Every structure is written in C-alpha cells, then in structure tokens.
**Q** 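Supplied in structure tokens, the structure appears directly below.
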There are 2 protein chains.
Amino acid sequence: MALMNSETNPKRPFSDVIERLRSVGLRPTRQRLALAKLLFEGVDRHITAEKLHIEAQEASIRVSLATVYNTLHQFTDVGLLREIAVDSSRSYFDTNNSDHHHFFFEESGDLADIEDDQIDVARLPEPPAGTHIERVDVVIRVIEDK
Amino acid sequence: MALMNSETNPKRPFSDVIERLRSVGLRPTRQRLALAKLLFEGVDRHITAEKLHIEAQEASIRVSLATVYNTLHQFTDVGLLREIAVDSSRSYFDTNNSDHHHFFFEESGDLADIEDDQIDVARLPEPPAGTHIERVDVVIRVIEDK
DNA sequence: GTGTTTGCAAAGTGTTTGCAATTTA
DNA sequence: TAAATTGCAAACACTTTGCAAACAC
C-alpha cells in the first residue's frame, strides 16, 4: 500500500515522520502521518487546507476537511508549519519554516519563496513599548506584465 | 445636522470630499460622503468593514453593511484606500496610501504605521520572469512582553 | 481502559450578490 | 428619465465546533 511505502524520499523515512510527530507531542495517527508525508516530503510548499484535502483524496487518503484544518493548525502550533497572510480570504501554510520571505502572484494566488540572503531588511524600527518582534514578513506582490 | 457640518476639519471641507469623489468618477451619494468623512477626516486609520459600519451607525449614518463593503472596495479601486493583508480572516483598509509599512499587534489585531524612512528594504530580488513588482509590504508582527 | 483523535453535519464568520426600490445627474 | 447606487435577504466561501464513534497507548 502507498501508505506504507516509506522509501519514496530516503531522507525522511516513514519512521522519521513518526518520530517527528512524537517529538512534538502529537500522536502519529494515520491521518497525521499521511498529511505529514504530503507536506514534508519533497520540496517546500505553500498550501491551503482545501488544496491539501484534495491532494489527500487524490492519493486515496481518507481524511475529512475538518481534520485537515485541525492538523494544519496543530502542525503550525508546534512549529512544523508557518501560516502566511497574503490574502484575506484564505489561509496559506508554508512548509518552509526557515527565515525567508515571499513573492505573491496576485492573479493566481501562488506564492514563491525568497531566501533570506536575497533581500536586506535593515534598520528595523523599535517595536512599540511593551512589545517585542515576533516575526518580520516581507511580501513582494507581483503582477503579470501586459 | 451633523452631515452638513463641513467645518470639523478645515483642511478637508465638505465640498472637497465631493470633489474628491467626483474626480475619481464616483457619484457623491449620501452614503459615500458620510463614509469618506469618517475615513479621511482626522488622522490616518486602519479599519475593517464591520468596524466602519458600527462607527457609521454610532454617528447616526444610515448605511447598510453591503454598501460599506462596496464603498471600501470602490475607494480601494480608485486609490483612495489600500487593502492590507495581515490576518486571513478579515480585510483591513488603510487610509494612508503613501509608501509605508506596518506593525501588527497579533493579540489585539491592531495596526500601526511605520513610515517609509524608518526601515530599509534593500537589494530586492528580481521579480520572476514575466512579472513586475506591484508593491512591497513589510509587516512586523509584535506580541506583548510577558 | 483511558484519554486522544476523527468525521460528520451543523453552526459561525466575514463577504458577495441579485434584484427591486431609490437616488443622482 | 436614464443610469448609477442602495438595502435587503439570500447565497457564498472558508473555517470552527459539538459530539459520538474509532483509535492510540
């Protein structure tokens, strides 16, 4: 069965995903394992709950949309994912949680990473009294040439 | 009547608001005038449709929520407002459409301006082929010290 | 066995839309 | 009076929730 094939990506065998979930205090259930495999195997990605749900169904993984939402939030809470705000109508989740920024394609709604060393954000202002900086997000909004 | 008092802010008398709307091709209706006054008189602000609707009601301005949404989008289309994406569950509109960035207070959902000269965003990466940069948004997310 | 997780359907929230009535030019 | 605008209620898209059944340890 597809679910038991842990050798697709030799860098992250099945047992690693189990360990990864365990280490953040999440039980490695069938649904969480399958979603983690979709999310973390292969290249970094930017995805919405709806899209991940469709991908799961295409991969014959039975999981409800509610569980996809719950799982995305749980993964975000424990730092496996990062939520990105670019579009007020949808939540995007990013499997790359290193320091980086984004191109946002207004027309398609797609995102692309900008590695941290490709941009300089310098001379940050002091955060308002009583607060501290949690994160700095740079979004470069691009549109297609006409 | 409150609506006819154009002298609250001497810098933008009533007739200016009318002209401002006309010049962007929007008929100066009662609703648009009243919302424009709430939005553009006084200091720059960051507001959601829901909040503006409540403000309007508090000011005894009869306007439906649908019209508030329509008006905010029309004002955005003609460049009187800018939409800011910081929270995937709500749309924020900014009456300051000069070049600037934002602090976002995660807990309260409030926004504060960061003037353009208070931050350096340098060495922007090339936009992907076939696209051009429409805007660069920097959001500094802050949380309260514990 | 005990506590956790899941799926479902229902409810919730923010937003948009269709259309008749009203207003503007 | 012709065209634009409004308000209402219904529809919508996305997301969360309550709770019984299924599962993990």
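The structure presented is a predicted model; accordingly, all values stated were derived computationally and were not measured.
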**Q** Check this for me, if you would: do B/R141 and B/E106 make a salt bridge, where the nitrogen-to-carboxylate-oxygen distance has to be below 4.0 angstrom?
**A** yes

**Q** Can you tell me how far P of D/dT16 sits from CZ of B/R90, to the nearest Å?
**A** 13 Å

**Q** Establish, for the pair B/R20 and B/F40, whether the NZ or CZ atom is under 6.0 angstrom from the six-membered ring centre and no further than 45 degrees off its axis.
**A** yes

**Q** When the distance from CG of B/N70 to C1' of D/dA4 is rounded to whole Å, what number comes out?
**A** 12 Å

**Q** Are B/H73 and B/F93 near enough that their ring centres are under 6.0 Å apart?
**A** yes

**Q** Without decimals, in angstroms, what is the distance between A/H53 NE2 and D/dC14 P?
**A** 14 Å

**Q** Closest to the B/R27 side chain: D/dC25, C/dA25, D/dT15?
**A** C/dA25

**Q** Distance check needed: D/dA4 C1' versus B/L26 CG, whole Å only.
**A** 11 Å

**Q** Within less than 4.0 Å of OP1 or OP2 of D/dT15, is there a side-chain N or O belonging to A/S91?
**A** yes

**Q** Quickly work out the A/L72 CG to D/dT15 P distance and round it to whole Å.
**A** 9 Å

**Q** Could you check A/E55 against A/R45 for salt bridge (Lys or Arg N to Asp or Glu O under 4.0 Å), going step by step and ending with a plain yes or no?
**A** CA-CA 13 Å; A/E55 264 192 35; A/R45 32 195 334 204; 2.5 Å; yes

**Q** Any idea which of D/dC8, D/dT15, C/dG14 is nearest the B/E50 side chain?
**A** C/dG14

**Q** Taking the side chain of B/T29 as its heavy atoms from C-beta onward, which of D/dT15, D/dT6, C/dC8 lies nearest to it?
**A** D/dT6

**Q** Can you tell me how the ring of A/H100 sits relative to the ring of A/H102, calling it parallel under 30°, perpendicular over 60° and tilted otherwise?
**A** perpendicular

**Q** Between atom OH in A/Y69 and atom P in C/dA9, what is the gap in whole Å?
**A** 17 Å

**Q** Report which part of the nucleic acid A/T48 touches: base, sugar-phosphate, or nothing (heavy-atom distance under 4.0 Å, all strands).
**A** nothing

**Q** Could you say whether B/L65 or B/S88 is positioned toward the 5' end of DNA chain D, judged by the nucleotide with the nearest heavy atom to each?
**A** B/L65

**Q** For A/Y92 and D/dA13, give me the distance from atom OH to atom P, rounded to whole Å.
**A** 16 Å

**Q** Nearest to the side chain of A/T67 - C/dG7, C/dT16, D/dA3?
**A** C/dG7

**Q** Is B/R135 atom CZ crowded by more than 12 heavy atoms from other residues, nucleotides or ligands, each under 6.0 Å away?
**A** yes

**Q** Quick check on A/E107: does its CD atom have over 12 non-hydrogen neighbours (other residues, nucleotides or ligands) under 6.0 Å away?
**A** yes

**Q** Is the shortest side-chain N/O distance from A/R32 to OP1 or OP2 of C/dT4 below 4.0 Å?
**A** no

**Q** Nearest to the side chain of A/R30, heavy atoms from C-beta on, is which of C/dG7, D/dT6, D/dT16?
**A** C/dG7

**Q** Does A/H73 make a side-chain N or O approach to OP1 or OP2 of D/dT16 shorter than 4.0 Å?
**A** yes

**Q** Could you work out which one of C/dT24, C/dG7, C/dG14 sits closest to the side chain of A/V63?
**A** C/dG7

**Q** Please check the phosphate of C/dG7 (OP1 and OP2 only) for any side-chain N or O of A/Q31 closer than 4.0 Å.
**A** yes

**Q** Convert the base pairs of DNA chain D into dot-bracket notation, remembering that pairs crossing earlier ones are written with [ ] and that bases paired across to another strand are shown as |; include only Watson-Crick or G-U pairs under 3.5 Å.
**A** |||||||||||||||||||||||||

**Q** Counting only N and O atoms by type, is there a donor-acceptor contact under 3.5 Å from the side chain of B/Y92 to the main-chain atoms of A/S88?
**A** no

**Q** Quick one: A/R62 CZ to C/dT5 P, roughly how many Å, whole number?
**A** 19 Å

